[in-house]
Amino acid sequence: MILHDNGLFLLKNDSFSYLFKVGKYGELQHLHFGAPVEITDADCFACIPGPGWGSNLVMDDADPHSCPDFIPLEWSGSGRGDYRESPLEIGRATDLRYVNHRILEGSQPMVCGLPQAHGDCETLEITLEQPGLRLKLYYSLFDTALVRRTVVENTGDGEISLHKCMSFSMDLPGNYIMTTFHGGWSAEMRRMDNRVGGAKITNESRTGASSNQHNPGFFLREAGTTENDGVAYGFNLVYSGNHYAAAQQSQTGLTRVMQGINPANFCKVLAPGEVFETPEAVLCWSDAGLNGLSRAMHKFVNDHIVPEYWAGRPRPVLYNSWEGCVFDFNQHRLLNLADRAKDLGCELFVLDDGWFGVRNNDHCSLGDYNVNLKKLPDGMDGLAKRITAKGMQFGLWFEPESVSPDSDLYRAHPDWALTDEFTPILGRHQLLLDLTKPEVRDYIVSSVTGILDTAAISYVKWDMNRHSVALGAKAHDYILGLYDILRRIFGPRPEILLESCSSGGNRFDLGMLCFSPQVWCSDDTDPIERLTIQGNLSYLYPQSTFGAHVSAAPHAQTLRATPLSTRGNVSFFGCLGYELDLKHLFPVEITEIKNQIAFYKQYRALFQYGRFTRHALGWQVSDSNMAISGVFHQQVSAAPPYERLRITGLEKEKTYRFRSLEQKIRVGQFGNLLKHVVPFSVSPSGLLVRTADAHYAMPDGGEDRTATGAALASGVMLKPLFRGTGYTTDQRNQGDYGSNVYIIEPVE
Ligand code: DGJ
C-alpha cells in the first residue's frame with residue numbers, strides 16, 4: 001500500500017513501513033524505514049534539526065533550523081550546504097526540489113535495457129527539479145522489499161556530464177555495523193563486519209563485473225543483532241557491473257547509506273532531452289535478526305528476480321564433465337560417463353568446456369563455436385540425441401563474451417576485442433569481446449542460438465573468465481550489451497535453464513539472476529570451503545540459486561580429504577550436482593551417491609525452496625510441515641563436548657519423528673585402528689583392507705527419536721562424537737570434516 005497525505009508518503013507492506021515527507025523547502029526528508037507503522041505516526045519520527053551553528057549553511061537565513069547538513073534526507077545535492085556524500089555529481093551544484101508525484105500500479109518499465117524486478121508491486125514516482133535538470137525517484141513496493149532507482153533527465157539546452165548517480169540514498173538515524181562480503185577466485189564470500197562511524201566505509205567493484213572481490217549485497221545491523229533477533233537492513237543491486245555502496249555517519253549521528261553504479265572513472269554525457277537510468281536497488285528490513293532479513297531477501301529473489309518460468313520450478317540433479325575430464329574427452333568417454341551418471345540418478349548431463357574449435361587447453365578457440373568433430377563425430381545434435389535417448393537432459397557450456405587471440409574469430413575481427421590504447425593484456429590467455437558493438441552482439445547471438453536450435457539443449461552454463469579493461473561508462477555499456485544478448489537468446493527460450501558462472505562466483509549478483517536462475521557459486525567445491533561460500537551467500541541469496549556440486553577428494557583446490565557424506569550433505573543445501581570422474585568410484589561410493597541423489601530428489605522442494613536458517617551447528621531448511629537440518633564439523637577435538645541441535649519453525653504441540661539420514665563410514669578410514677575391531681592381525685595398507693574399503697562401509701551412530709515441536713525447539717541432545725574409546729554405533733564416529741543430516745517429519 002502506498003499512501004500520500006499532505007506531503008507525507010507511506011509505503012507499507014506486511015514486513016515494514018517506509019515513511020518520508022516533502023520538507024518546507026521541497027527537500028525530501030527521510031522519516032522511518034522499519035516496523036510497520038501508520039502515516040499518522042509521522043510526527044513521532046520527525047527530526048527537528050538543531051539551528052545551524054558555527055560554519056554551517058542554511059536554506060533560509062530567517063530559519064535557523066534549515067541547515068541541510070543536519071536533515072535526514074532521501075536525496076541530497078552538492079555544494080548547497082549538505083556536505084555529506086552526495087548521490088549525484090554533475091560537476092556543478094545540484095539542489096533538486098520536489099515538484100510532483102504519481103502512484104502507479106506495477107513498476108514503471110525501464111527503457112535503457114537494464115533488468116528489472118517483476119511481479120506485483122505499486123510504484124511511487126517522485127519528481128524533483130532544478131533549472132536544466134529533472135530527477136525522478138522510483139520506489140516500487142513489493143511484498144518483502146522496496147526497490148528504488150533514479151532517472152536523470154537533462155532538461156536544459158546544453159550538455160550535462162553525469163559523473164555519479166546512485167540508485168538510492170537515505171539517512172538512517174542510529175549506529176550500525178556494515179557487513180560486506182569479499183574474496184577472490186575460489187575464495188568467494190569472506191564476511192567482514194565494520195562499525196560505521198565518521199570514516200566512510202565503501203564496498204565497490206572495479207573489475208567490470210560485480211566481482212568475487214566485493215559482492216554488491218551488504219547489510220547494516222544494530223550492534224545487538226544476532227542471527228535470530230534484532231534489527232537489520234539488507235541492500236543489493238540489480239546489476240552485474242562495477243558497483244559502489246557507502247555508509248558513513250554524520251556529525252548529527254545520521255548514517256547515510258547509498259548504492260549504485262561505481263562512479264570511479266564514470267562519465268556519461270547527456271545531451272539536451274537525454275535521460276539516464278540507474279539500476280534498481282533492493283532494500284529489505286527485519287527485526288527478526290539476520291535470518292529474518294535473509295528470508296525477506298530470499299523471497300524477493302525467488303519471486304521477483306529469477307525468470308518467471310523458473311520461479312519455484314525444481315532444478316535437475318546434474319552431472320558436469322569439467323572436473324572429471326577437463327579438456328580430455330571424446331564422444332565415447334562422454335557417453336560412458338552419461339551411462340554412469342544416469343545410473344546414479346542424475347537427470348541432466350552437462351558438457352563443459354572443450355567441445356568447439358581446437359580447444360584442447362585454455363589457450364585457444366574461444367569465439368569459434370564450431371563443434372569439434374574429432375571429439376564429437378556425430379556433432380552436437382548427435383551427442384544430444386544419444387544423451388536424451390538415455391532419459392537424461394543435455395546441457396552445454398559456452399563462454400560467449402570472450403575471444404582467444406588464437407582463434408579464427410580474432411584473426412578475422414581483431415577490432416572486436418575490448419582493448420585500450422595499450423598492448424592488450426590477457427587474462428586466462430583471452431580477451432573480452434566488445435559487447436558495446438552491435439555487430440559483436442549479433443555474432444554472439446547467432447553463434448549461440450545456432451547451436452541451441454540444432455540440438456536438444458535444455459541447460460546452458462554461461463561462463464566468463466577474465467576481468468575487463470573497460471572503464472566507467474564503457475564498462476556500463478558492456479553490461480547493457482551483455483543484458484541485450486542474454487535477453488535475445490533466452491527471452492524466446494525461457495525453458496532453457498541458464499546457469500551463470502564467472503570463474504566460479506565472480507558474477508553472483510541480482511542482474512545475472514534476472515536471466516539465470518542458478519549461479520555457479522565457486523570453483524572451490526571443497527565442502528568445508530563451501531560452508532563459508534554457501535553459508536555467506538545465504539545471507540543475500542536463496543539456496544535455489546546455488547550451483548553446489550560433489551567433487552573428488554582430496555580436493556583440487558585445497559588438497560583436503562573429506563568424506564563423501566559431507567560433500568553430499570553440504571551440496572544438498574543448493575542445486576545438487578556431481579562433478580568428478582565417475583569411472584573411478586568404488587562400489588561403496590556408487591551406492592552412497594545413489595542414496596544421496598534419491599534422498600535429495602525426495603526432499604528437493606525443501607532443499608531448493610524451503611525456509612533457510614543458519615544455526616549454531618549448521619543449516620536448516622523447513623516449511624510449515626517439516627524440517628531438515630545439517631550439522632557440519634571442521635576439525636574435531638579430543639573428548640568433544642555434547643551437541644544440542646535446535647529445530648525451529650515447527651508446531652509446538654505436534655509430534656515429530658527426528659531421524660538421521662543413514663550414513664556409513666569407509667573401513668579404510670580406520671587404518672591401523674582396525675586391529676581393535678577385527679579378531680585377527682590386519683595390514684592397514686594390505687589387499688584385504690583395500691578390498692573391504694572399496695566394497696564395505698560400517699554403520700555410524702544414527703538417530704531415530706520422537707518428540708514434540710516444543711521439545712525439538714529446545715534442542716535434541718545428539719549422539720556424542722567419537723571420544724577415543726572405540727567404535728560403537730551409539731556415537732558419531734566421523735573424525736575431521738564429518739557431518740549429518742537430520743529429517744524431522746510429523747508422526748501421522
Ligand atoms: C571456469 C568455470 O568456473 C569452471 O567451472 C569451468 O567451466 C571452466 N571455466 C571451464 O573452462
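We're numbering straight along the sequence, starting at 1. Predicted, not measured: the structure shown is a model, and the values here were computed from it. One-based numbering, in listed order, for ligands and for the atoms of each.
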> So which protein residues pack against ligand 1 under 4.0 Å, heavy atoms counted?
Replying inline: Trp322, Asp352, Asp353, Trp397, Arg428, Lys461, Asp463, Asn465, Cys501, Ser503, Gly504, Trp520, Asp523
>> Within the structure provided, determine whether Asp406 and Val358 are in side-chain contact (heavy-atom separation under 4.5 Å).
In response: no
> Are the side chains of Val350 and Glu499 in touch, meaning some heavy atoms are under 4.5 Å apart?
Replying inline: no
> Of Tyr369, Phe327, Phe398, which meets ring pair (Phe, Tyr, Trp, His ring centres under 6.0 Å) against Phe356?
Replying inline: Tyr369
> CG of Leu348 to OG of Ser458: how many Å apart, nearest 0.5 Å?
Replying inline: 5.5 Å
> Hey, is the main chain of Ile261 close enough, under 3.5 Å, to the side chain of His243 for a donor-acceptor pair?
Replying inline: no
> Only one of Arg604, Gln543, Arg315 forms a side chain to side chain donor-acceptor pair (under 3.5 Å) with Tyr609, so which one is it?
Replying inline: Arg315
